[in-house]
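In what follows, a single structure is set out as C-alpha cells and then discussed.
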Amino acid sequence: MKKNIIIITGPTGCGKTALSLVLAKKMQGEIINADSVQVYKYFDIGSAKPTTEQLAQVPHHLISILEPGEEFNVGTFCKLADDKILEITNRKKMPIVVGGTGLYIQSLVNGLAEIDDVSSEAQDKLKVIEDNIIASLDIAVANKNTIIFRSKLHNYLNSIDNAVANSVNPEDISRVRRAILVKLSTGTSILSYQKLHSHRDKNYNAFIIILLPQRELIYKLVDERVREMMDKGFLAEVEALREKYLNEAFKIKPFTSIGYKQIMQFKDGNLDYSDVVRDIQKETRRYVKRQFTWWKNQPVKLDWSECTSKLNYTFANIDFEKIVEDVEKIYLEYEWQRDEQGIKFLPIIMT
RNA sequence: GCCCAGAUAGCUCAGUUGGUAGAGCAGAGGACUGAAAAUCCUCGUGUCGGUGGUUCAAUUCCGCCUCUGGGCA
C-alpha cells in the first residue's frame with residue numbers, strides 16, 4: 001500500500017516554515033526539506049533556512065547535508081527523500097515534505113524517468129565539444145552566454161539527436177546540455193526515456209498544501225525579507241564563503257542562486273552596492289512568479305485530482321494554529337483508499 | 001518678475017522634415033522529466049501637459065495657460 005505524505009509548498013517567503021513547524025507538532029510529523037539550496041551547508045541566511053531554534057523544535061531531514069561543491073539534483077533528492085519517508089513512516093511518524101522547489105516535489109510524487117547517471121566520459125566529451133566551439137569563435141563572442149555559442153551547441157545536438165533538437169529551444173542551454181549528455185552517455189534519446197515514463201506513476205498518497213498569497217502581498221513580504229537578510233549579515237555570509245572557495249566559486253552551484261549571485265557580482269565590482277538589494281528583490285519577485293506559474297498549471301497537467309476544498313485567510317492577523325486545525329480536519333476527512341490518483345491538492349489563499 | 005530648457009507607456013527617455021508613435025527598465029503570461037533559487041519563450045493604445053489658432057490633417061508649427069528643472073535679477 002502506498003504511503004501517506006503531506007507536502008507544504010508555495011512561493012518563497014510565504015510562511016512554509018512557520019506552518020510546517022506547527023503542523024509537524026500537531027501531527028507527530030518530521031520535516032523533509034525540498035529546497036534545492038537549503039540542502040547545502042553554510043548557505044544559511046540567503047536560503048532562508050529555519051533557525052537553529054526552529055530546527056530543534058521538530059526533527060528535520062535533508063537540510064545542510066552537503067558541502068557546497070557536492071553534486072546534487074532531482075534524482076538524488078528523490079532517492080534520499082524516499083529513504084527518509086520510509087524511515088519516518090516505520091517510526092510511525094508523519095513525513096512532511098516542505099519546500100519551494102516544484103520540480104523536486106513533482107518528481108517525488110509522480111516519479112522520474114529512469115535514466116542512468118551520465119558517465120564521466122560523456123561529461124568530458126561535452127566539455128571538449130564546448131571548448132572546440134569556443135576556440136572556433138571570434139574572441140568578441142567566445143563566451144557561453146552568446147547566441148552564436150548556443151546555436152552551435154544546438155547544432156551539435158541536432159547532429160546526434162534530431163528529435164530532441166527540434167523540441168528544445170536552441171537558447172535553452174540547460175536542456176541542450178542535458179540532452180547531449182544523455183545521448184552520449186546512454187546512446188538513447190532523452191525523449192524515449194521521457195515517453196516511457198510520462199508522469200503516470202504515483203508513488204505516494206500525497207496531500208499537497210500549497211500556500212498562495214495574493215501577488216501584491218507576497219511581493220511586499222519578499223521585499224521585507226530581503227532587507228531582513230541584509231540585516232542578519234547576508235553580506236558577511238557571502239564574503240566568508242567567497243574567501244573560503246575563492247577560485248572554485250564559479251563551479252559551486254549554490255553561488256548561482258538568487259542573492260548569492262548578486263552579492264558575488266558586487267564583491268567582484270560588477271554591481272553597485274545601491275543596486276544589490278534592489279536586484280535581489282527583483283530576482284526574487286521573478287522567481288515567485290515562476291513558482292506561481294508552476295503550481296497554477298501543475299495539477300491540471302499532471303492530472304491530479306481536483307481540490308475539493310480551499311481555505312482563505314487574511315495575512316494581517318494570520319494564525320498558524322487555526323490553519324493547522326482546518327488543514328487537519330480536511331486531511332482526516334479524506335479517504336485515501338477510495339481515491340484512484342492518491343493525490344489531493346489543498347490551496348490556501350492568503351490576502 | 002525676466003530668460004532658457006523640458007512636459008510622450010508605471011519609470012527613464014527616443015521619435016515623427018505635419019499623416020495619432022518605440023526602446024530600455026519595471027511589469028504580465030507561458031514552458032519546465034537529474035544544474036530547477038537553474039534555463040528559456042511570448043507580450044508595448046498611450047487623452048504624445050491643457051487650451052485656442054494655422055492646415056485637408058497637429059503629438060509635431062504658432063499663441064496663451066499650467067507644472068517641473070536651470071539661470072538672471
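Throughout, protein chains are lettered first and strands after them, A, B, ... in sequence-line order, and every chain is numbered starting at 1. Treat the numbers as computed from the prediction; the structure is a model and nothing was measured.
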**Request:** Go through the structure and list residues passing ring-ring contact (aromatic ring centres under 6.0 Å, His included) with A:Y40, not counting sequence neighbours.
**Result:**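 Partners of A:Y40 under the ring-ring contact (aromatic ring centres under 6.0 Å, His included) test: none.
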**Message:** Quick test of your reading of the model: are A:D223 and A:K220 salt-bridged, counting only N-O distances below 4.0 Å?
**Reply:**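 Answer for the salt bridge query: no.
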**Asked** With a cutoff of under 4.5 Å between side-chain heavy atoms, which Ile, Leu, Val, Met, Phe, Trp and Tyr residues group with A:L55?
**Response**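 A:I63, which link up through side-chain heavy atoms under 4.5 Å apart, make up the rest of the cluster.
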**Request:** Could you pull out the closest heavy-atom pair between A:M229 and A:A48, with the gap in Å?
**Result:**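 So the two residues come closest at CE-CB, 3.9 Å.
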**Request:** Provide the start and end nucleotides, 5' to 3', of the part of RNA chain B that has atoms under 4.0 Å from heavy atoms of chain A.
**Result:**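 Listing 5' to 3', RNA chain B meets chain A from B:rA26 to B:rC41.
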Applying a 4.0 Å non-hydrogen cut-off, can you work out what [X] is touching in the nucleic acid: base, sugar-phosphate, or nothing?
X      : answer
A:S107 : nothing
A:Q194 : base
A:K282 : sugar-phosphate

**Asked** Looking at residues at least two apart in the chain, or sitting in another chain, which of them share a side chain to side chain contact (heavy atoms under 4.5 Å, CB included) with A:A142?
**Response**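 Expected list: A:I134, A:L137.
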**Request:** Between A:I115 and A:G100, name the one whose nearest nucleotide on RNA chain B is closer to the 5' end.
**Result:**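 The 5'-side residue here is A:I115.
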**Asked** If you write RNA chain B from 5' to 3' in dot-bracket form, with Watson-Crick or G-U pairs under 3.5 Å, [ ] for crossing pairs and | for pairs with another strand, what do you get?
**Response** (((((((..((((.....[..)))).(((((.......))))).....(((((..]....)))))))))))).
**Request:** Report the residues that fulfil salt bridge (charged side-chain N to carboxylate O under 4.0 Å, His left out) with A:K244, sequence neighbours left out, ordered by chain and then residue number.
**Result:**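 Once residues adjacent in sequence are excluded, A:K244 has no partner under the salt bridge (charged side-chain N to carboxylate O under 4.0 Å, His left out) criterion.
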